[in-house]
Amino acid sequence: MFASGPPGTDPLPPLRLSAVVAQVFDETSPTALDPALRPFLADLVRPYGNDLRDDLLTAGVGHSFGEMAEVLLPAVVGPDEQVDLLVMAFAMHDLRLGRATAAYLSDRCPGKPMAFAVCDQGSGAAFTALRLAESYLGPGACRRALVFVVEQSALHYTQLEPAPVPDRHTGVALRLETDGSPVVGKQHTGVDARRVGGLFAAEVARLAAGQVDATVIASARLAEAAPGQADVVADAGQPYTGVWWELTRLPREGLVVLGDYEPSLGLLCLSTVDYTVARVAVPG
Amino acid sequence: MTAIEEVSAYLPPDRRALEELADWLGLTERQVRLFRRFHGLSEVCYDQDGTLLDLLLAATGGLETLRGNEHRVRYVVYARGMPAAVPYPHNPLRELCVKLGLDHALSFTVTHQACATGLLAFDVAGRLLAGDPDPDALALVVSGEKTFTPDARLVPETAIFGEGAAAVLVSANGSSDRLLSYTTSIRGDFDGRLIIDQALAARFQYEYPALLSEVLLAAVDQAGVALDDIALLVPHNVNAVSWRRVCKRIGYPVERVVLDNVPLTGHSFAADPFLNYRTALDTGRLRPGDRYLVGAAGLGATFSAMVFEH
């Protein structure tokens with residue numbers, strides 16, 4: 001059971017990354033052919049006028065966040081390593097529409113942690129999940145947290161507003177605790193497309209000050225809005241996991257700056273992982 | 001210390017008697033009688049023609065403190081019970097922020113704790129405020145949902161969902177309604193759809209009183225007070241009988257549970273604790289210095305409690 005008093009105002013210890021794993025899932029979840037999917041989707045879209053995609057419903061495409069995260073779980077935490085907090089971040093919804101997946105994963109996770117999900121923030125949700133993990137970690141109830149960033153590619157109805165749809169199913173798991181490489185985050189709201197380039201450049205300069213070997217990872221949308229600033233540009237087909245996916249592919253060296261921009265919210269998010277302080281485990 | 005600055009509640013005026021809803025909910029005459037006589041339900045409120053945005057706007061529209069203080073609101077957190085409620089990428093929360101002049105705020109939804117998500121959102125808001133350099137910063141927590149699909153209308157033999165909504169202004173340093181403790185227990189072994197899985201529903205019903213009692217007592221203990229010091233219990237509105245069972249189990253007088261809305265509103269997802277807080281306040285049942293216990297449970301399952309000092 002998670003138990004806490006009111007949050008204190010003393011500075012929190014820095015969030016530290018101790019492991020990160022990622023996987024692209026090529027298969028389709030059996031949930032894609034669950035007869036409950038169509039009626040739920042029909043109810044979901046009815047007030048808004050989207051048309052169901054019979055072709056996708058018949059084909060049975062898509063993946064479930066719970067099934068993807070369950071595969072990542074043993075790769076990021078051992079069976080005897082108690083986890084106190086589990087946060088899932090997503091933008092486009094799951095194939096299992098009604099499932100409290102974070103709660104389900106808690107039952108599969110050592111320590112049966114406090115668990116919840118963050119969404120309705122586009123690519124910002126992953127950064128907010130890290131920020132919230134930091135707010136819970138500390139000397140009290142939480143000493144180890146997992147953040148899952150997930151996306152799946154099936155949208156079984158016509159889209160009425162522009163937004164990226166992933167072209168593959170991807171899950172990333174970040175393990176955070178009191179030992180590891182410090183993670184620092186920053187979120188800017190009210191950032192329109194004209195400001196994003198300058199603000200991103202200024203933030204990268206500030207965050208990477210004094211670091212000769214900083215690597216900047218940007219999402220495809222951020223790289224388009226702020227061209228020429230990233231060393232690594234994440235694949236546009238991974239709009240919500242891309243920067244985190246790239247983090248797992250880089251050498252664990254120097255300072256890594258991750259940036260993403262959610263134009264629908266005017267939200268610029270940055271995070272740094274400082275590998276110069278401590279190395280991160282590479283499970284498996 | 002995280003505190004409630006103001007709570008606004010919205011209960012749509014369209015109230016339907018259980019008998020009117022029987023066909024829509026797929027209830028037999030016997031089940032309707034059971035809900036009415038045993039569970040203490042009578043009517044459920046719906047916002048038939050309104051959207052989710054309308055619901056949230058109605059709730060926030062009652063916040064007197066918000067007007068003129070929009071610039072102080074740094075965070076807007078939507079507590080949503082249903083993991084998916086609108087088609088992607090439609091974002092009523094963002095629309096709400098724009099309409100309220102809060103588009104400068106960091107807005108997001110927390111979910112996956114079902115109807116216990118309201119307490120989570122409050123705790124999350126408090127944590128963000130505690131880390132904010134501006135001591136005058138505020139957070140807005142909103143909750144309330146549409147009964148758009150069978151899973152969002154009925155918990156078999158337990159509860160009927162309604163469309164009430166609530167808005168809460170939260171501060172880091174307020175003097176009224178200060179948060180003393182928060183406890184939550186996640187029981188993911190209750191993953192599944194109770195509406196089709198009778199065995200799971202039966203096990204949930206059986207274990208529910210003990211699991212909710214456990215977090216309630218733990219919250220009291222964490223707050224450093226005794227159960228006798230708790231002036232009031234502010235519940236979620238699943239039904240009356242489950243609260244009688246919980247009260248009997250923990251030794252708390254059921255007369256001090258705010259059950260006024262159970263017969264009138266239905267179970268308003270994550271909004272119930274805030275709706276019932278408003279009722280307690282409006283009916284003069286909270287006096288300065290009172291400690292009160294708030295309890296909620298969500299399918300999936302999550303059991304949560306908080307203790308506040310008024």
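Naming: A, B, ... by sequence-line order, numbering from 1 per chain.
Of all non-hydrogen atoms in Ser4(A) and Arg127(B), the two that sit nearest each other are OG-NH2, 3.2 Å. What you find for Met1(A) and Ala218(B) is that their closest heavy atoms are SD-CB, 3.4 Å. Shortest non-hydrogen contact noted between Gln113(B) and Ala115(A) is NE2-O, 2.8 Å. Shown here for Ala301(B) and Ala103(A), the closest heavy-atom pair between the two residues is N-CB, 4.5 Å. Across Arg94(B) and Leu265(A), no two heavy atoms sit closer than the pair CD-CD2, 3.1 Å.
Donor-acceptor pairing under 3.5 Å is lacking for the side chains of Tyr104(A) and Asp189(B).
Contacts between Leu132(A) and chain B at a heavy-atom distance below 4.5 Å involve the side chain alone, from C-beta outward. If you measure heavy-atom distances from Phe308(B) to chain A, you find no contacts under 4.5 Å at all. If you measure heavy-atom distances from Leu128(B) to chain A, the contacts under 4.5 Å come from the side chain alone. Heavy atoms of Ala105(B) lying under 4.5 Å from chain A belong exclusively to its backbone. Only the side chain of Phe90(A) comes within contact range of chain B, with at least one heavy atom under 4.5 Å from a heavy atom of that chain. In this structure, chain B has a heavy atom under 4.5 Å from the side chain of Tyr157(A), while its backbone stays farther away. Looking at Pro164(A), both its backbone and its side chain come within 4.5 Å of chain B, counting heavy atoms on both sides. Contact annotation for Gln187(A): only side-chain heavy atoms (C-beta onward) come within less than 4.5 Å of a heavy atom of chain B. Proximity to chain B (any heavy atom under 4.5 Å) is shown, for Ala102(A), by both the backbone and the side chain. Residue Arg193(B) touches chain A through its side chain alone, counting heavy-atom pairs closer than 4.5 Å. Heavy atoms closer than 4.5 Å to chain A are found nowhere in Val77(B), neither backbone nor side chain. Contacts of Asp221(B) with chain A are absent, with no heavy-atom separation under 4.5 Å from either backbone or side chain. The part of Leu155(A) that comes within reach of chain B is its side chain, from C-beta onward, which places non-hydrogen atoms under 4.5 angstrom from that chain. For Tyr48(A), the part lying near chain B is the side chain, with the backbone staying farther off; criterion is any non-hydrogen pair under 4.5 Å. Heavy-atom distances place no part of Pro135(B) under 4.5 Å from chain A, backbone and side chain included. Proximity to chain B involves both the backbone and the side chain of Thr101(A), based on heavy atoms less than 4.5 angstrom apart.
Among Pro6(A), Ala100(A), Ala117(A), the residue with the largest count of heavy-atom pairs under 4.5 Å with chain B is Ala117(A). No other option in Arg131(A), Arg96(A), Met88(A) has as many heavy-atom pairs under 4.5 Å with chain B as Arg131(A).
Under the 6.0 Å distance and 45° angle rule, Arg46(A) does not count as a cation-pi partner of Phe148(B).
To the nearest 0.5 Å, the span separating CG on Asn91(B) from CG on Asp120(A) amounts to 5.0 Å. Put simply, CG on Leu267(A) and CG on Leu106(B) are 6.0 Å apart, with the number rounded to the nearest 0.5 Å. Rounding to the nearest 0.5 Å places CG of Leu44(A) at 14.0 Å from OH of Tyr88(B). Note that the NE2 atom of His104(B) and the NE2 atom of His188(A) stand 15.5 Å from one another [nearest 0.5 Å]. Taking OG1 of Thr183(B) as the start and CZ of Phe2(A) as the end, the distance is 9.5 Å to the nearest 0.5 Å. Rounding to the nearest 0.5 Å gives a distance of 8.5 Å between CE of Met114(A) and OG1 of Thr302(B).
Ring centers of Phe65(A) and His112(B): at least 6.0 Å apart, outside the cut-off.
Here the side chains of Thr149(B) and Pro39(A) are not in contact, with every heavy-atom distance at 4.5 Å or above. Under the 4.5 Å side-chain criterion, counting only non-hydrogen atoms from C-beta, Asp107(A) is not in contact with Phe190(B).
Taking non-hydrogen atoms and a 4.5 Å limit, the residue list of residues 79-86 of chain B in contact with chain A, ordered by number, reads Arg80(B), Met82(B), Pro83(B), Ala84(B), Ala85(B), Val86(B).
With respect to Arg99(A) and Asp191(B), a salt bridge is recorded, a charged nitrogen being found less than 4.0 Å from a carboxylate O.
Sorted by first and then second residue, the side chain to side chain donor-acceptor pair (under 3.5 Å) pairs with a member in residues 31-42 of chain A read Ser29(A)-Thr31(A), Thr31(A)-Glu67(A), Arg38(A)-Asp54(A); sequence neighbours excluded.
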